[in-house]
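Everything numeric in this text was worked out from a predicted model, so none of it was measured. Values reported hereafter were calculated over all heavy atoms of this structure, with side chains retained and with hydrogens, waters and symmetry mates removed. Below, read A as the first sequence line, B as the second, and so on, with proteins coming before strands; counting in each chain starts at 1.
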Number of protein chains: 2
Amino acid sequence: MGHAKAGKNGAALHPEAVAAPETVPLASLVSRLGKFSAVESGDTLRSLVRGRRGYDRDTPAWAERGDLASIVVIESGWAYKFAIMHDGRRHIADFFGPGAICNWSRLSRFEEQDDILFKGGASVTLLEPGLLDEKLNEDASLASTIKRHELARAMRTTQRIRAFISLPAMERTLLLLLDFADELRTVGKAPDWIHTPFAQAELADMLGLTAVHVSRVFKKLVDTGIIVRDGNSVRFTDRRRIERDLAYRRFFQARRSP
Amino acid sequence: MGHAKAGKNGAALHPEAVAAPETVPLASLVSRLGKFSAVESGDTLRSLVRGRRGYDRDTPAWAERGDLASIVVIESGWAYKFAIMHDGRRHIADFFGPGAICNWSRLSRFEEQDDILFKGGASVTLLEPGLLDEKLNEDASLASTIKRHELARAMRTTQRIRAFISLPAMERTLLLLLDFADELRTVGKAPDWIHTPFAQAELADMLGLTAVHVSRVFKKLVDTGIIVRDGNSVRFTDRRRIERDLAYRRFFQARRSP
DNA sequence: CGACGACTTGACATCGATCAAGCGAGGTGG
DNA sequence: CCACCTCGCTTGATCGATGTCAAGTCGTCG
């Protein structure tokens, strides 16, 4: 992941990371929510749009400076939530793929004071927080859909945290890759090839490892035939088996066509 | 902690762990909430009590079997939330001291399917979930108090998770001890001596370490003069310094008397 | 007294971090 | 267009941190 072939802003060179700017806003989010409800919620949500924004290079947004006053929804590309620790290390607590809501949750409405970094090539839609709350109070079906979506994220995070605290590096890394695949599945892609624009140093800050060790873990995973790499992307040779071995629980199931 | 001197059910021998059975129910919880609001909420809460229960030895409660259908509030003693991982290891995700609500949160209302273990000597009060929701909808001030209390817990957990993923064993352990002190502070104790009934094997399952290594870490902390031990209890020689070094954030402040 | 559980300690193996060097692709400036 | 720089990744050598296995101590409980 983040291999040199993809360039400095890896995502910018990949079609799925720059496709969105001309599409209808919130397409990714609406597609995600469709996995949790048959009700079409696009029009309601689109009435809350306050603006859009694209990032051609990695761009941090600082909570303190009010950069995150609007609700941010990823249209395309990726972002992550991070914090600097007392020893100077950066910890990345969560990541966001297309359709994810970065800085709002009805489950835990308190201020997460974490900052967010938008990866180069990402584009986002901004929503009005007050209006969203209002809509959700009116529209119980939409509220319940969003709640189930948030719930799935929360449970996936719980599963990941458990692994990152207790398991060795290889299993942590595999589980993170499975989470990436899960995140991609949310927007209808059930990709063999898992692609994200994250650099190994960023993976390290998610995993609680060093970048050097992440590199070695990937090498070992390739050498033992567990994954195949092509530039920025990764493929499991037998994903089912890995999921079984790790007791991995999927939270974003592909939905039968209605 | 959990040193042999305290016996098999460590907590049972310590006065603060067996004091409650004859006191008014929910005394610990009400005392905690007093840190977040000047409003006295004892009578309202006590109207929800469905029963009480004491544990003379370590007792697991299985979510699957419906053992946790009521809301469980610790009167005295300790408990923790745990799950068994795919490799057979046990992970302990959170712990509960006197006054804590074990299996309910308004912030994240979804089912945490974790099981709970009540340490020997613990006694708990059971509340009616439906009634609590009802009360909170009626009583905005109580709802806001409880919400702030839950918020403090959530933020403390976030801080702990970060440390447990990224930091080495010694710092993890220190932070866990500070969290124990924080939990004790919630019920008005601002103890020099931090006392919990947890065994080293349990600390290990919280920290993502082995019991043997926890033992060595404690030895090193004593040898370097950072902590002093007396049987089951621990005291920091300079807590302020440790809190500063770890950038530890307290969430349960001692409240000025009103 | 004997069994047991929790903790301790030592020897050793493995995992992961650190430091340092090198490589290849892009980007930049001459 | 080429020379050079930077960035992300790789690799090797080495060190420290942590896990594993095994033996031993010390209380408690029956």
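Taking the side chain of B/Ala169 as heavy atoms from C-beta on, and the options C/dG16, C/dC19, D/dT18, the nearest nucleotide is D/dT18. Distance from the side chain of B/Val212 is smallest for C/dT9 among the nucleotides C/dT9, C/dG16, C/dC19.
For an aromatic pair to be called close, the ring centres must be under 6.0 Å apart, and B/Trp193 with B/Phe180 fails this.
Residue-to-nucleotide contacts include a donor-acceptor pair under 3.5 Å from the side chain of B/Arg216 to the base of D/dT20.
Side-chain N or O atoms of A/Arg235 include none that pairs as donor or acceptor with a backbone N or O of A/Val228 at under 3.5 Å.
The shortest distance between the side-chain N/O atoms of A/Ser215 and the OP1/OP2 oxygens of D/dC9 is not below 4.0 Å. Close to D/dT10, at under 4.0 Å from its OP1 or OP2, lies a side-chain N or O of A/Gln200. For the OP1/OP2 pair of C/dC7 and a distance below 4.0 Å, the side-chain nitrogens and oxygens of B/Arg229 include no atom meeting the criterion.
Rounded to whole Å, the distance from CG on A/Leu221 to C1' on D/dT10 is 15 Å. Between the CZ atom of B/Arg57 and the P atom of D/dC29 there is a distance of 11 Å, rounded to whole Å. In this structure, the CG atom of A/Leu167 is 15 Å from the C1' atom of D/dT18, given to the nearest Å. In this entry the distance linking NE2 of B/His213 with C1' of C/dT8 reads 14 Å, nearest Å.
Under 4.0 Å is where a charged nitrogen must lie from a carboxylate oxygen, and between A/Arg160 and A/Asp94 at least one such pair does. A/Arg185 has a carboxylate O that lies under 4.0 Å from a charged side-chain N of A/Asp182, or vice versa, which qualifies the two as a salt bridge.
In this structure, B/Ala211 reaches neither bases nor backbone, as no heavy-atom distance under 4.0 Å exists between it and the strands shown.
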